[in-house]
Structures are given as C-alpha cells and as structure tokens.
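Model, not experiment: these values are computed from the prediction. Values below: every heavy atom of this structure, side chains too, minus hydrogens, waters and symmetry copies.
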Amino acid sequence: MRQLGGLEAEIMDRLWAWGRAATAREVRDDLNKKRPIAYSTVKTVADILFGKGMLTREKDGRAWLYRATCTRQQYTAARMHDALEGTPDPAGVLLSFVEQISVEEVQALRAALRAAKRRSGT
C-alpha cells in the first residue's frame, strides 16, 4: 500500500476520525479551518483516493459521499507489512523497531501479540 500524499492524508484523517461518510464540501469546510483550499482540489483528490481504492463513494443528491475502505489501523498495518516485505532481514528490522518504541508501545505490542495468539488458538 502506497504512502498517502499530504492532502490525501488530511482527507483520510478526517474520514477516519469522523467514522462516517462525508462529502468533499464537508471535508473542504473542515480543512478551511486551518488553511484555505478550493472545493475542486478536495474533490479531485477524493476522486483520486476513490481510484486508488482508499474510498468508496455513493451519490447523495447531487454530491458524492465518500467513505474510507479501511481503518487507520488497517492502513498503518499494511504500510508496516510492506516495509517488512521489502527487507532481507525482517527480524532485524523488528528488533530495531522495538528498541525505538516507548514502554507504552511495547506494552501495546505485547497485548496485541497475546490477543493474536488467543485468536489463532495456539
């Protein structure tokens, strides 16, 4: 899964945070709270995200409603998986990663591994 561009990430951040479908106009209005951006720019990038499979869309009157096709967690996990697949030493990468994360993140990783183990029944 490819890394999102700047505006792509801003659009996805809003849709993930809201947890619902939204029009390009709603996203533009929220983005405009921080910086001016044109409706057509947001609409174009939302259509690009739709083309990449990151968003679904459905008609709502004259507007398109866009919805994320994956959660933020699923997207981040896919990016991490892609990074591991591209290395000849995934165990070394994981060790280096664990050495760089906080105590709280290590605890979250341990909890995730325990949950995955329970789900797999091993």
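Considering OG of Ser102 and CD of Glu105, their distance stands at 3.5 Å, rounded to 0.5 Å. The distance from atom CG of Leu55 to atom CG of Leu49, rounded to the nearest 0.5 Å, is 4.5 Å. The structure places OG1 of Thr76 at 7.0 Å from CZ of Arg72, a figure rounded to the nearest 0.5 Å. Residue Asp13 holds its CG atom at 10.5 Å from CG of Asp30, rounded to the nearest 0.5 Å.
Using a 4.5 Å cut-off between side-chain heavy atoms of Ile, Leu, Val, Met, Phe, Trp and Tyr, Val93 falls into a hydrophobic cluster with Leu84, Leu94.
Val98 and Val103 end up in different hydrophobic clusters when Ile, Leu, Val, Met, Phe, Trp and Tyr side chains are linked at under 4.5 Å. Residues Met80 and Leu95 are members of separate hydrophobic clusters, defined by side-chain heavy-atom contacts under 4.5 angstrom among Ile, Leu, Val, Met, Phe, Trp and Tyr.
Between the Glu85 side chain and the Asp82 main chain, no donor and acceptor come within less than 3.5 Å of each other. The backbone N or O of Cys70 lies less than 3.5 Å from a partner atom in the side chain of Trp16, making a donor-acceptor pair. A donor-acceptor distance shorter than 3.5 angstrom exists from the side chain of Thr69 to the backbone of Met54, with no hydrogens or angles considered. In this structure, the side chain of Thr23 does not engage the main chain of Leu65 through any donor-acceptor pair within 3.5 Å. Side chain of Asp89 to backbone of Gly92: a donor-acceptor contact under 3.5 angstrom is found.
Each of Arg14, Glu58, Lys43 was scored for a side-chain hydrogen bond (donor to acceptor under 3.5 Å, both in side chains) with Tyr66, with one residue passing: Lys43.
For Arg110, the CZ atom is loosely surrounded, since the number of other residues' heavy atoms within 6.0 Å does not exceed 12. For OH of Tyr39, the number of neighbouring non-hydrogen atoms (other residues, nucleotides, ligands) closer than 6.0 Å is greater than 12.
In this structure, the side chains of Arg67 and Arg57 stay at 4.5 Å or more apart for every pair of heavy atoms. Contact annotation: the side chain of Lys52 approaches that of Ile48 to within less than 4.5 Å [non-hydrogen atoms, C-beta and beyond]. Side-chain atoms of Lys59 and Trp64, non-hydrogen and from C-beta on, do get closer than 4.5 Å to each other. Between Thr71 and Gln74, some side-chain heavy-atom pair lies under the 4.5 Å cut-off. When side chains are defined from C-beta on, Glu26 counts as touching Arg20, because their heavy atoms get closer than 4.5 Å. In this structure, Ile37 and Leu7 have side chains that are in contact, with non-hydrogen atoms separated by less than 4.5 Å.
Listed here is the closest heavy atom pair of Leu15 and Ala22: CD2-CB, 3.7 Å.
For Ala38, the side-chain contact (heavy atoms from CB on, under 4.5 Å) test picks out Ser40, Thr41, with sequence neighbours left out.
A salt bridge is defined here as a Lys NZ or Arg NE, NH1 or NH2 lying under 4.0 Å from an Asp or Glu carboxylate O, and Arg35 with Glu10 meets this definition.
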